[in-house]
Amino acid sequence: MDSTANESSEEESAGEREVETGANTELTNNPTDIPTEWPTHTQTVSAQRPDSLSLAVAKPDLWTSSGDGEVKLRMGESGFASEPPLTVDQMFKTAVERFGSYTALGWKEGEQTKTINYQEYYQACRTAAKSFLKLGLERYHGVGILGFNSAEWFISDIAAILAGGFAVGIYTTNSPDACQYVAENCKANIIVVENHKQLQKILQVQDKLPHLKAIIQYKDALKEKRPNLYTWTEFMELGRDEPDTKLDDIITIQKPNQCCTLIYTSGTTGQPKGVMLSHDNLTWTAFAVGRYVRLAEATKSQEIVVSYLPLSHIAAQMVDIWVTMKVGGATYFAQPDALKGSLVNTMREVRPTAFMGVPRVWEKMQEKMKSVGAKSSTVRRKVAVWAKGVGLQTNLSKMNQYVTPMNYRLAKKLVFKKVRKALGLDRCTKCYTGAAPITKDTLEFFLSLDIPVYELYGMSESTGPHTISLPDAFRLTSVGKLIPGCETKINNPDEEGNGEICFWGRHVFMGYLNQADKTEDALDTEGWLHSGDLGKQDDNGFLFITGRIKELIITAGGENIPPVPIEDAVKEAVPLVSNAMLIGDKRKFLAMLLTIKCQVNGDTGAPEDELMPEAVELCRKLGSNAMRVSEIAGGRDPVIHAAIQEGINRVNEKATSNAQRIQKWTILNQDFSIPGGELGPTMKLKRPVVMKMYKEQVENFYKEVVTPSTPDNSIDPWSGLKIRYEVK
Ligand SMILES: Nc1ncnc2c1ncn2[C@@H]1O[C@H](COP(=O)(O)OP(=O)(O)OP(=O)(O)O)[C@@H](O)[C@H]1O
C-alpha cells in the first residue's frame, strides 16, 4: 500500500506518537492540527499496521466482548490513521469551541422552526447526563432510545455516553419482545421512548427487565402517571441543579478505546448482535468521512442535513450526529411520517447540502417521479426524455473525464434545475446511498436527471462506511474507494478477482457484546473484519460488491449462486415487480417469489391490495384491467402472468448456466414491508423470515415433478398455464 497523502509536518509528528491504549490524558485536540490540504481520491493512505501486532499478541488486544473492556487502537504512523484519538466529549467540546454559536439542531413545532446552537446542544447533553446519573445510570449499562429522530433522541444518545453508559438505539419497528431482547442484552437502566405507543411496548415487558430504573417519554403528554415514568421536561429538571463534579469525574476517566455505543444489527442474518463501538470508532470515522468527502466546516459554509433514517442504524447516526458535529453542520429533523410522504416537504424547506438515502428511498422517489412524469403532457414528456438522454450521457462522460456537451446547459435549465428544486435537492452536492444494494436502473435514472447518487459501503461493524464514492471518484455500480487510513483485503480471490471483502482500520468495531464466539467469527487472528460480502477491486481502486456469502444460494448440484443480481435483473425486466426473492439453497433448481407494486397504508406502512398508479398503468399497457394485487397473485391474470414469464425468459436467456435459470415463480398476495417483517429497518430483505412465512409456497415449487430437460410441457402449479422455458 502506498502512503502518499498530503501529510503535513504536524501529521508526521502525530505519526510518531506512541498511542496504544487510547488514554486521553495527553492528547492534543487542537483544530489547527488539521492539515489544510485535502488528499485527492487517487491517494491511498494506509493504516500502517504496527509490526508489534503479530498474530499471537494482536488478537486479545484488538477485540473484546466485555462491555467494560478496552482494545488496542489501530493507529497508523502517518496520514488519516495517525489522527489523535478522541473521546466523544473531546470531539464535542472542540465543536463547541469552534462552532458554538452555529445552529446545531433544528425542528418544526407547528409552523415554527426551532433551533439550538452548539453551545446549547452541549449544555443540554450535560444536563441530561446528570439526570441519567441521578436516575441511577451505572457505568457500562445501556440507555435504550426508542423513537423517531428528534433533538431529544440525539441528546439522550450523547448524554448516555457522557454519563459513562452505552447509547443504544432500538428500532421503532421492534415488537415488545424484540425491545426486551435489546434492553436486556445491554442491561438498560433507562429507556427513553418517543410516545405512548412506544411506551406501551416497554410497559409490556418491564417486568422482565431487572436493570430498568426509569422510563422517559419525550413527546406528547403522559396518558397516565406511573412511578419512575418521566416527561422530558421532568427528566431535564432532575439534572439542572445537580453539581457538575460527578459527571466531570466520569468524563475524565473515559478513554477513546472504551465502548460508548451499541448498534444492534437488524437481524437480516439471524438474532441481533450488539456491535460495540468505541469513542475512537465514532470520532475517528467522523473525522475520516468529513475529511475524505470534503465536507465544508461551518466557519466557511455550513453543511445541512435532514435526519429521517432510523437512528438505531449506524449510517444515520454517523451522518446525522457524528460527521455533522465534526464539521459544525446543522441537522434538521423530518416529521415522523417522513417515509410516508412528508419527507419531500421537509427537504424543500430545509434544502440540505448533503443527503443520504437507503436504496428503497431512492427507488420510491424514482417510482413517484415516473408516475408523475407519465401524467404530464406529451411535449413535457418529450423534453424530459431528451434531457434525460443528455443528462445520462453527460454524467457518464464526466466519469471518464470527457468534456461536457453543449446541450447539457439547456437541459439543466429546462429540466434538471426544476427537478432538483421539486425534490429539495437544489443545493445538495452530496447525494448518497448505502446500507444495501441499489439497482443500476435507479442509479441511471437519477444520473439522467443530473443527480449523481454516490454509493457508500460498510457495516455496523465498521462504524458505517468503509468505501465511499466521490464526484471525482465515481463509477456506476461501484461502491467507491477506500476511506484513507483503512485497508481492504480480498480474501481467497477467484480467477476473476472476486473474494470476501475484509476490512482493517480504526473504524473496525471492538467486538459483539458478550459474544466472544461470534466476535471470533467476524474478526480473524490478524484483526481483519470479514464482511461476508463478495467483491472485487478494479485497477483504479474502485470496489464492486458482487454478492453476499451470507446469502449465497448453493444448489443441490453444488453451484454457488448470488441471488441479488438475478433478483435485480427480474425487477428491471418486469417493472411491475416490487420485490423478488430467489429460492434454491440445497434445491435442485431455482424458483422465485415475486410481489407486485402496490399502495402502502399511510399510517401503518403496511402494503395494501390496491396497485400503485404506475402499476395500474403498466397493466393497462399490457392489456389487463387489474386494479388489485389479489386479481394478479397466484397467476390469476393470464395477461400479466404471460408478461412476467416473458420478462423472466429474458433474464434466463442471459443466465451464465442452466442452474442459474429461474424455473418456477409465483406472485404473492402481499408485498414485503417492514411491518410485515419481510424487510429490515433499512429495507434489506430478511430472507430467513420470508422463507418461514412462505414455507408452503416454497415447498410447492419443489413438490412438482420437475422436468427441466423437457420444460415445454411444464404447467405452472399456480396458474395452470403452460410455462415457456427457454433452455438452450
Ligand atoms: N452500498 C452497498 N451496496 C451493497 N450492499 C451493501 C452496501 N452497503 C451495505 N451493504 C450490505 O449491508 C451489510 C451491512 O449491513 P448492516 O451492518 O447495516 O447490518 P444490518 O442490516 O443491521 O443487519 P445484519 O447484520 O443482520 O444484516 C453489508 O455487509 C453489505 O452486505
Side-chain angles (χ1 to χ4, degrees), residues 168-171 173-174 178 181-182 261-277 281 285 309-319 356-363 431-440 442-443 453-469 474-483 488 491 500-503 507-509 512 515 518-519 521-522 529-536 542-552 562-565 567-568 674 677-689:
V168 186
I170 305 177
Y171 283 109
T173 46
N174 272 10
Y181 175 84
V182 171
T261 288
L262 294 172
I263 300 285
Y264 280 84
T265 57
S266 59
T268 49
T269 50
Q271 190 65 283
K273 299 178 284 265
V275 174
M276 292 165 58
L277 297 181
N281 284 147
T285 308
L309 287 174
L311 278 169
S312 28
H313 195 265
I314 187 60
Q317 273 187 35
M318 191 39 69
V319 174
M356 162 91 193
V358 293
R360 192 68 191 132
V361 169
W362 292 108
E363 279 164 22
C431 292
Y432 278 97
T433 176
I438 190 164
T439 62
K440 191 176 175 202
T442 301
L443 291 172
V453 180
Y454 305 113
E455 280 204 63
L456 296 166
Y457 160 73
M459 332 165 57
S460 311
E461 291 84 343
S462 65
T463 323
H466 178 68
T467 60
I468 308 185
S469 302
F474 179 44
R475 292 283 181 280
L476 212 58
T477 72
S478 162
V479 292
K481 290 189 177 187
L482 187 62
I483 296 174
T488 299
N491 208 28
E500 185 179 12
I501 305 166
C502 300
F503 307 173
H507 60 332
V508 172
F509 76 135
Y512 296 115
Q515 287 187 300
K518 293 259 165 36
T519 309
D521 288 346
L529 168 63
H530 287 243
S531 67
D533 296 313
L534 283 173
K536 61 177 175 187
F542 284 101
L543 185 69
F544 293 82
I545 311 289
T546 51
R548 266 187 130 197
I549 297 170
K550 335 177 211 197
E551 58 189 21
L552 208 61
V564 176
E567 290 161 355
D568 285 348
I674 298 175
E678 302 96 333
L679 302 179
T682 47
M683 302 283 186
K684 253 188 297 206
L685 193 53
K686 288 186 166 182
R687 291 174 194 271
V689 174

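Every number for a ligand or one of its atoms is a count from 1 in the order of the listing.
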Inset, instruction - With heavy atoms only and a cut-off of under 4.0 Å, state how L456 meets ligand 1: side chain, backbone, both or neither. - result: backbone

Legend entry - Donor + acceptor pair across side chains of H313, S460 (<3.5 Å): no

Legend entry - Atoms in ligand 1 flagged as close to H313, the criterion being non-hydrogen separation under 4.0 Å: 18 (O)

Inset, instruction - Look at atom 19 (O) of ligand 1 and find which of K273, M459, K684, R687 reaches it with the closest heavy atom. - result: K684

Inset, instruction - Mind checking ring-ring contact (aromatic ring centres under 6.0 Å, His included) for F509 and listing every partner two or more places apart, or none if nothing turns up? - result: Y512

Inset, instruction - Using distance alone, determine whether Y171 and ligand 1 share an N or O pair under 3.5 Å. - result: no

Inset, instruction - Before signing off on this row, confirm whether Y457 and ligand 1 have an N or O atom pair separated by under 3.5 Å. - result: no

Legend entry - Subset of ligand 1 atoms that lie under 4.0 Å from at least one heavy atom of E461: 17 (O)

Inset, instruction - Number the atoms of ligand 1 from 1 as they appear, then name those within less than 4.0 Å of a heavy atom of P437, with their elements. - result: 3 (N), 4 (C), 5 (N)

Legend entry - Y264 six-ring centre to K273 NZ/CZ under 6.0 Å and within 45° of normal: no

Legend entry - Proximal ligand 1 atoms for R548, defined as those under 4.0 Å from one of its heavy atoms: 13 (C), 27 (O), 31 (O)

Inset, instruction - Go through ligand 1 atom by atom and flag the ones less than 4.0 Å from a non-hydrogen atom of E455. - result: 1 (N), 2 (C), 3 (N)

Inset, instruction - Could you grab the distance from atom CG of N281 to atom CE of M318, nearest 0.5 Å is fine? - result: 8.0 Å

Inset, instruction - Kindly identify the option in S460, P359, G458 whose heavy atom sits closest to atom 14 (C) of ligand 1. - result: G458

Legend entry - Heavy atom of G680, distance to ligand 1 below 4.0 Å: no

Inset, instruction - Flag D533 as yes when one of its N or O atoms lies below 3.5 Å from any N or O atom of ligand 1, and as no otherwise. - result: yes

Legend entry - For P562, all residues meeting side-chain contact (heavy atoms from CB on, under 4.5 Å), sequence neighbours excluded: L552, P565

Legend entry - Single hit among F542, F544, F503 for ring pair (Phe, Tyr, Trp, His ring centres under 6.0 Å) with Y457: F503

Inset, instruction - Give the contacting part of A315 toward ligand 1: side chain, backbone, both or neither, where contact means a heavy-atom distance below 4.0 Å. - result: neither

Legend entry - Test of proximity, A435 against ligand 1: N or O pairs below 3.5 Å: yes

Inset, instruction - Please check if the side chain of N491 supplies one atom and the backbone of H530 the other of a donor-acceptor pair under 3.5 Å. - result: no

Inset, instruction - May I ask you to decide if L534's main-chain N or O and E500's side chain share a donor-acceptor pair within less than 3.5 Å? - result: no

Inset, instruction - Check for a donor-acceptor pair, side chain of S469 on one end and backbone N or O of E455 on the other, with a separation under 3.5 Å. - result: yes

